[in-house]
Amino acid sequence: MKTSLCLAFALLALPTAAQSAQPAKPNLDALARSGTRYTHGYTAPLCGPSRACMLTGRYAFRTGATNQDATGQMKPEVETMMPTVLKSAGYTSSMVGKWGQLPLGPAEFGFDDYLRFNGSGVYWSKEGKKQPYTENGQSKTPGAKEYMPDLMHQHVVNFVNKNQARPFYLYYSLSHVHGEIQPTPDSAPG
């Protein structure tokens, strides 16, 4: 049986002496101890080029995605992204989250399923800042009480449930990376 792959922007780290005052998180700590630990790596120092590096497996200077503007010049006929490679091995794929500076859309780069948005730090639809998102080619706008991270999470859950019996590749690019921290639907009032 093939293994499913999930690439999400998240940080799981073993505590250091400086972090010893942090609350206990035994499940995350166990996951970090039992997983593969990468201590040396390279990426570009900007979000668009970093995403291009992770999706192609190539250095920014090789793809030409050395800055935000150059990232938008990437083309599927020149750069092959992970879902295209994995499709030939029988994988289905989904991209959920920020697409931003990358050109075209996830489908053009081989993703079978996607929920994408172009902005950074998108959480809520606000007056004057109603950020649309695209789900499998259909443009949508979050409703007044819809929380973008919840919409993304539900899309991920639906994709995993639908494809749990077959190999899949999931690229989950969270919306929280650039925006200010805002209350969530379950935040305490005040």
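- In terms of the side chain to side chain donor-acceptor pair (under 3.5 Å) criterion, Thr71 has no residue partners (sequence neighbours excluded).
- With sequence neighbours excluded, no residue forms a side chain to side chain donor-acceptor pair (under 3.5 Å) with Lys162.
- For Ala60, the side-chain contact (heavy atoms from CB on, under 4.5 Å) test picks out Ala44, Cys53, Thr66, with sequence neighbours left out.
- A pairwise comparison of heavy atoms in Gly97 and Met152 identifies CA-CE, 3.7 Å as the closest pair.
- Residues satisfying the side chain to side chain donor-acceptor pair (under 3.5 Å) criterion with Thr92, sequence neighbours excluded, are Asp112.
- Within the 4.5 Å cutoff, side-chain heavy atoms of Asn136 are placed close to those of Tyr114.
- The salt bridge (Lys or Arg N to Asp or Glu O under 4.0 Å) pairs that include a residue from residues 148-158 number zero, where partners must be two or more places apart or lie in different chains.
- Counting only heavy atoms from C-beta outward, the side chains of Pro76 and Leu104 approach each other to under 4.5 Å.
- Taking the six-membered ring where tryptophan is involved, the planes of Trp99 and Phe109 are tilted, since the angle between them lies from 30° to 60°.
- The OG atom of Ser173 lies 3.5 Å from the CZ atom of Arg51; values are rounded to the nearest 0.5 Å.
- In this structure Val160 satisfies the side-chain contact (heavy atoms from CB on, under 4.5 Å) test together with Val156, Phe168, Leu170, sequence neighbours excluded.
- For the salt bridge (Lys or Arg N to Asp or Glu O under 4.0 Å) condition, the pairs that include at least one residue of residues 72-86, sequence neighbours left out, are Arg58-Glu79.
- By the side-chain contact (heavy atoms from CB on, under 4.5 Å) test, Glu135 is found to be paired with Leu115, Tyr133, Lys140, His155, residues two or more places apart in sequence or in another chain being considered.
- By the side-chain contact (heavy atoms from CB on, under 4.5 Å) test, Ser34 is found to be paired with no residue, residues two or more places apart in sequence or in another chain being considered.
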- Query: What do the steps show when you test Tyr171 against Leu55 for side-chain contact (heavy atoms from CB on, under 4.5 Å), and what is the final call?
  - Reply: CA-CA 9 Å; Tyr171 173 74; Leu55 286 165; 3.7 Å; yes

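- Nearest heavy atom pair, residue Leu102 against residue Met74, reads CD2-SD, 4.5 Å.
- Note that NZ of Lys98 and OH of Tyr172 are 15.0 Å apart. Values are rounded to the nearest 0.5 Å.
- Residues Pro83 and Met95 form no side-chain contact, since every pair of their non-hydrogen atoms from C-beta on lies 4.5 Å or further apart.
- Here the shortest heavy-atom pairing between Pro142 and Met148 reads CG-SD, 4.3 Å.
- Contact record, Ala52 with Ala65: CB-CB, 3.9 Å, taken as the closest heavy-atom pair.
- Criterion: ILVMFWY side-chain heavy atoms under 4.5 Å apart, direct or through other members. Under it, Val85 and Tyr169 are not part of a common hydrophobic cluster.
- Thr56 OG1 to Met81 CE: the interatomic distance, rounded to the nearest 0.5 Å, is 6.5 Å.
- Here the CG-CD distance, from Asn67 to Gln73, works out to 8.0 Å after rounding to the nearest 0.5 Å.
- Applying the ring-ring contact (aromatic ring centres under 6.0 Å, His included) test to pairs two or more places apart or on separate chains, those with a residue in residues 61-87 are Tyr59-Phe61.
- The distance from atom CG of Asn163 to atom OH of Tyr91, rounded to the nearest 0.5 Å, is 12.5 Å.
- Applying the side chain to side chain donor-acceptor pair (under 3.5 Å) test to Asp186 and every residue at least two apart in sequence or in another chain returns Thr184.
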